[in-house]
2 protein chains.
Amino acid sequence: MDKNKFFQVVINFIGNVHSSTHFLKKDARSNKITPQQHSILEYVFFSKEVTTSQVADCLNISLPNASRELKKLFKLDLIIKESNEKDRRKTTISLSKPGQNLMLRTFERIQKNFWKQADELSEDEMRSIISSMKVLEKKVFIPY
Amino acid sequence: MDKNKFFQVVINFIGNVHSSTHFLKKDARSNKITPQQHSILEYVFFSKEVTTSQVADCLNISLPNASRELKKLFKLDLIIKESNEKDRRKTTISLSKPGQNLMLRTFERIQKNFWKQADELSEDEMRSIISSMKVLEKKVFIPY
DNA sequence: TATATTACTTATCAAATGATAACATAAAGG
DNA sequence: CCTTTATGTTATCATTTGATAAGTAATATA
């Protein structure tokens with residue numbers, strides 16, 4: 001198979017994922033926080049406990065800027081900051097109760113959009129979709 | 001199958017696509033244009049000919065801001081603006097020769113990153129990946 | 001123990017993006 | 001023809017995000 005052709009298909013697929021995602025997330029953002037802050041909360045939500053540096057690295061934000069945004073989220077009472085027991089230079093970030101609620105609410109909205117778009121999927125179709133994703137995650141979009 | 005579970009898998013997959021994409025695009029951007037301008041050029045590149053409104057709609061930019069960014073790209077000689085013959089309110093946007101070259105160069109860089117990450121794929125694997133993408137594009141990430 | 005290095009913070013400035021009002025002009029519809 | 005609607009532009013301001021220098025405190029290391 002022509003590698004260029006294959007690459008084109010992948011790029012095209014990525015484009016479709018991005019635009020679909022945009023549609024899904026539409027109207028799902030709180031008006032209190034910025035998009036970047038929302039991605040930080042998402043990241044913390046899925047990772048449970050992280051340090052400031054990890055947030056910075058994984059979301060490609062410089063450490064000072066990550067620190068700034070985390071401070072804002074802290075002042076909004078959406079995250080908890082604890083000094084790490086074993087290495088007190090480190091700060092452990094986790095979602096506060098309000099932060100968790102915010103994430104759950106926005107995911108509910110995303111989920112509604114999702115089912116509006118992808119309803120009437122049969123059992124078989126869901127299974128086939130999941131196995132497709134597994135293939136892609138194994139070979140192309142490898143989880144960090 | 002539990003719909004919540006299915007939703008989780010999809011969200012997780014989307015996350016992986018986004019972070020992989022970030023990696024792929026790393027270092028692939030021109031230093032002359034902003035990320036948003038780059039996505040505009042990408043969009044025009046794949047769509048061949050579009051109007052200002054289409055750029056605004058598809059990239060979720062307000063019309064005035066789309067107009068502003070297109071003006072900058074025009075001044076950089078990266079796009080061509082032509083008044084539409086049939087409806088002279090409309091402007092047809094397309095890539096200039098330098099614009100096309102810029103896109104081709106950045107795609108080459110993205111492609112290099114891609115193969116660095118996803119090399120040694122067999123014929124069978126590529127075919128299986130493509131068919132997985134087709135499934136997802138049919139059912140979940142439906143092209144606009 | 002002196003000296004690096006790591007993790008983070010604060011402050012400041014610049015650049016990119018978003019939002020909105022006011023305007024111009026072309027086309028559509030009564 | 002007159003009014004309304006659609007397409008786009010310009011200008012201005014606010015917000016968000018990026019970049020960088022300087023500083024603090026804890027840990028690692030020579």
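Note on naming: letters A, B, ... go to the chains in the order of the sequence lines (proteins, then strands), and numbering restarts at 1 for each one. Computed from a prediction, not measured in an experiment: that's the story for all the values here. Every heavy atom of this structure was used, including side-chain atoms; hydrogens, water molecules and symmetry mates were not.
Taking only side-chain atoms of A/Ser62, from C-beta outward, the nucleotide of C/dC8, C/dG18, D/dA19 with the closest atom is D/dA19. Considering only side-chain atoms of B/Asn65, the nucleotide from C/dA7, C/dT17, C/dA19 that sits closest is C/dA19. If you check D/dA26, C/dT9, C/dA19 against the side chain of A/Arg89, the one that comes closest is D/dA26. Of the candidates D/dA19, D/dT10, D/dA21, the closest approach to any side-chain atom of B/Ser67 belongs to D/dT10.
Taking 4.0 angstrom as the limit, B/Thr34 places none of its side-chain polar atoms (N or O) nearer than this to OP1 or OP2 of C/dA15. Contact between the side-chain N/O atoms of A/Gln36 and the OP1/OP2 oxygens of D/dT15 is not found at any separation under 4.0 Å. Between B/Lys71 and D/dT10, a side-chain N or O to OP1/OP2 separation shorter than 4.0 Å is present. Dashed line: the shortest gap from a side-chain N or O of A/Lys81 to OP1 or OP2 of C/dT9 is under 4.0 Å.
Among the heavy atoms of the strands lying under 4.0 Å from B/Pro64 is at least one base atom, whether or not backbone atoms are also near. Backbone-only contact: A/Asp87 has heavy atoms under 4.0 Å from sugar-phosphate atoms and none from a base.
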message: Evaluate B/Gln36 against B/Asn65 for side-chain hydrogen bond (donor to acceptor under 3.5 Å, both in side chains), listing each step before the verdict.
response: CA-CA 11 Å; B/Gln36 195 181 54; B/Asn65 292 334; over 6 Å; no
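Between B/Asn84 atom CG and D/dA6 atom C1' there is a gap of 13 Å when expressed in whole angstrom units. The nearest whole Å value for the distance from the CD atom in B/Glu69 to the C1' atom in D/dG8 is 15 Å. C/dT17 atom P lies 12 Å from atom NE2 of B/His38, rounded to whole Å. If you take CZ of A/Arg88 and P of C/dA7, they are 16 Å apart, rounded to a whole angstrom. The nearest whole Å value for the distance from the CD1 atom in B/Ile61 to the C1' atom in C/dT20 is 16 Å. Across the protein-nucleic acid pair, A/Phe74 atom CZ and C/dT9 atom C1' stand 14 Å apart, rounded to whole Å. With rounding to whole Å, B/Lys32 atom NZ is found 15 Å from C/dA16 atom P. Rounded to whole Å, atom P of D/dT9 lies 7 Å from atom CD1 of B/Ile93.
Side-chain N or O atoms of A/His18 include one that pairs as donor or acceptor with a backbone N or O of A/Ile14 at under 3.5 Å. Using modelled atom types, no side-chain atom of B/Ser67 and backbone atom of B/Leu63 make a donor-acceptor pair closer than 3.5 Å.
Atom CG of A/Asn84 sits about 8.0 Å away from atom NZ of A/Lys86, to the nearest 0.5 Å.
Mapping B/Leu63 and A/Leu70 onto DNA chain C by nearest heavy atom places A/Leu70 closer to the 5' end of the strand. Summary of the strand contacts: A/Asn60 and A/Lys86 both lie near DNA chain D, and taking for each the nucleotide with the nearest heavy atom, the more 5' one is attributed to A/Asn60. Annotation: of the two residues near DNA chain D, A/Lys72 and B/Arg68, the 5′-most nearest-nucleotide partner is B/Arg68.
The aromatic rings of B/Phe107 and A/Phe7 sit perpendicular, their planes meeting at an angle over 60°, well past the 30° parallel limit. Ring pair A/Phe141/B/Phe13 is perpendicular by interplanar angle, where above 60° counts as perpendicular and below 30° as parallel.
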